[in-house]
Amino acid sequence: MTDLRARLTGYAVAAFPVAVTTIILVIVWEVLVTVTGTPAYIIPAPSRIWDALFSGNANLAWHTALTGFESIAGFIIGSVLGALLGIVFAYSRFIARSLMPYVIASNTIPVVAVAPIIMLWFGSGLGSKIAVTAFLSFFPLALNMMKGLQSYDRTVMEVFHVAAATPTQRFFKMRLPSALPYIFVGLKLNVTFSVIGAIVSEFVQADRGLGFVIMTAYRTLNMPRLWAAMLASALLGILLFVLVAAAERLLIPWHSSMREAK
């Protein structure tokens with residue numbers, strides 16, 4: 001109970017600066033928009049965005065949940081593919097040199113250009129949205145997995161060699177644990193890119209989701225609803241990032257970055 005209370009106190013202390021900054025920003029924003037009489041189609045007041053987020057627009061929560069599902073599904077698929085590719089690259093220098101230029105090239109292509117092609121391949125349903133999200137969120141983990149698996153302690157590797165450890169034992173007991181900090185960096189990048197990928201795929205063709213809400217609000221100049229959808233997407237990204245960070249804290253509490261964070 002004492003440990004839980006200490007943790008909650010620590011989280012409250014960590015969140016205090018963000019909360020204070022947000023409150024000040026919202027107050028200044030509201031006052032400036034009200035005093036200057038800025039039209040809502042240029043920049044709406046926070047109070048109007050709040051109304052659009054909660055008052056009479058309950059379906060915005062449904063659109064957010066759908067985009068969240070696409071983000072999570074694409075994140076999982078993209079991360080699995082990225083992890084497997086990173087493992088192959090770490091163990092085969094020839095394959096890494098052969099395929100890395102294509103992987104880098106695919107990551108430099110704008111997702112808005114790739115999304116229509118994926119739509120043609122997978123159709124306009126949910127699968128295409130997940131495919132676009134997975135495409136955008138596999139690259140960071142692939143590179144970080146490769147780098148992490150190659151960054152093991154050579155002295156420890158010699159100990160495993162002397163102990164006649166099998167390749168499987170070396171991977172799971174030595175190389176993978178040492179790669180976990182790199183892996184979580186890739187996962188944090190992946191989870192933010194997954195939200196972007198889901199929303200961009202909804203820009204291209206969709207009748208639901210936050211991307212659809214943003215596009216329809218823009219076309220009708222309903223700026224409070226557009227800002228509300230952007231706020232919902234930001235909160236979704238923050239939530240997913242926090243979940244990955246919590247998993248990192250749970251799985252690698254021994255790492256120096258976790259001890260410094262405490």
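Keep in mind it's a predicted model, so treat the numbers as computed, not measured.
Side-chain contact between I104 and F139: present, with at least one pair of heavy atoms (C-beta onward) separated by less than 4.5 Å. With a 4.5 Å cut-off on side-chain heavy atoms, L60 and L210 count as touching. Residues S233 and T67 are not in side-chain contact: their nearest non-hydrogen atoms beyond the backbone lie 4.5 Å or more apart. Between F171 and P177 there is no side-chain heavy-atom pair separated by less than 4.5 Å. Annotation: side chain of V112 is not in contact with side chain of F203 (no heavy-atom distance under 4.5 Å). The closest side-chain heavy-atom distance from L141 to L81 is not below 4.5 Å.
Nearest heavy atom pair, residue F212 against residue H63, reads CD2-CE1, 4.1 Å. A pairwise comparison of heavy atoms in S137 and F75 identifies OG-CA, 3.9 Å as the closest pair. The minimum heavy-atom distance between A228 and L53, with the atom names listed, is O-CD1, 3.6 Å. Counting all heavy atoms, side chain and backbone alike, L226 lies closest to I214 at CD1-O, 3.7 Å.
In this structure, W29 has its ring center closer than 6.0 angstrom to the ring center of W227.
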Report task. Walk me through it: do T168 and T166 pass the test side chain to side chain donor-acceptor pair (under 3.5 Å)? Result -> CA-CA 5 Å; T168 302; T166 65; 4.7 Å; no

**Report entry** side-chain contact (heavy atoms from CB on, under 4.5 Å) between I87 and M145, intermediate numbers included
**Finding:** CA-CA 7 Å; I87 293 172; M145 175 67 83; 4.1 Å; yes

Report task. Output, in order, the C-alpha distance, side-chain angles, deciding distance and verdict of side-chain contact (heavy atoms from CB on, under 4.5 Å) for V114 and F135. Result -> CA-CA 9 Å; V114 176; F135 173 82; 3.9 Å; yes

Requested in this report: Step by step, work out the side-chain contact (heavy atoms from CB on, under 4.5 Å) result for W62 and R208.
Outcome: CA-CA 9 Å; W62 181 82; R208 52 192 174 178; 3.6 Å; yes

Requested in this report: Show the numbers, then the answer: is there a side-chain contact (heavy atoms from CB on, under 4.5 Å) between T192 and F241?
Outcome: CA-CA 7 Å; T192 54; F241 184 91; 4.1 Å; yes

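Between the CG atom in L236 and the CD1 atom in I199 there is a gap of 7.0 Å [rounded to 0.5 Å]. With rounding to the nearest 0.5 angstrom, the OG atom of S79 is 12.0 Å from the CZ atom of F193.
In summary, the side chains of E70 and S201 do not present any donor paired with an acceptor at a separation below 3.5 Å, with no hydrogens or angles considered.
Put simply, the side chain of E30 gets close to the backbone of S47: a donor and an acceptor are under 3.5 Å apart. A distance-only check finds no donor-acceptor pair linking the side chain of S92 to the backbone of F89 [under 3.5 Å].
Y91 carries R175 over the face of its six-membered ring, with the cationic atom under 6.0 Å from the centre and within 45° of the normal.
Between K188 and E248, at least one side-chain N (NZ, or NE/NH1/NH2) sits under 4.0 Å from a carboxylate O, which counts as a salt bridge.
Considering V191, L187, V185, N190 in turn, N190 is the only one that fulfils the side-chain contact (heavy atoms from CB on, under 4.5 Å) rule with P140.
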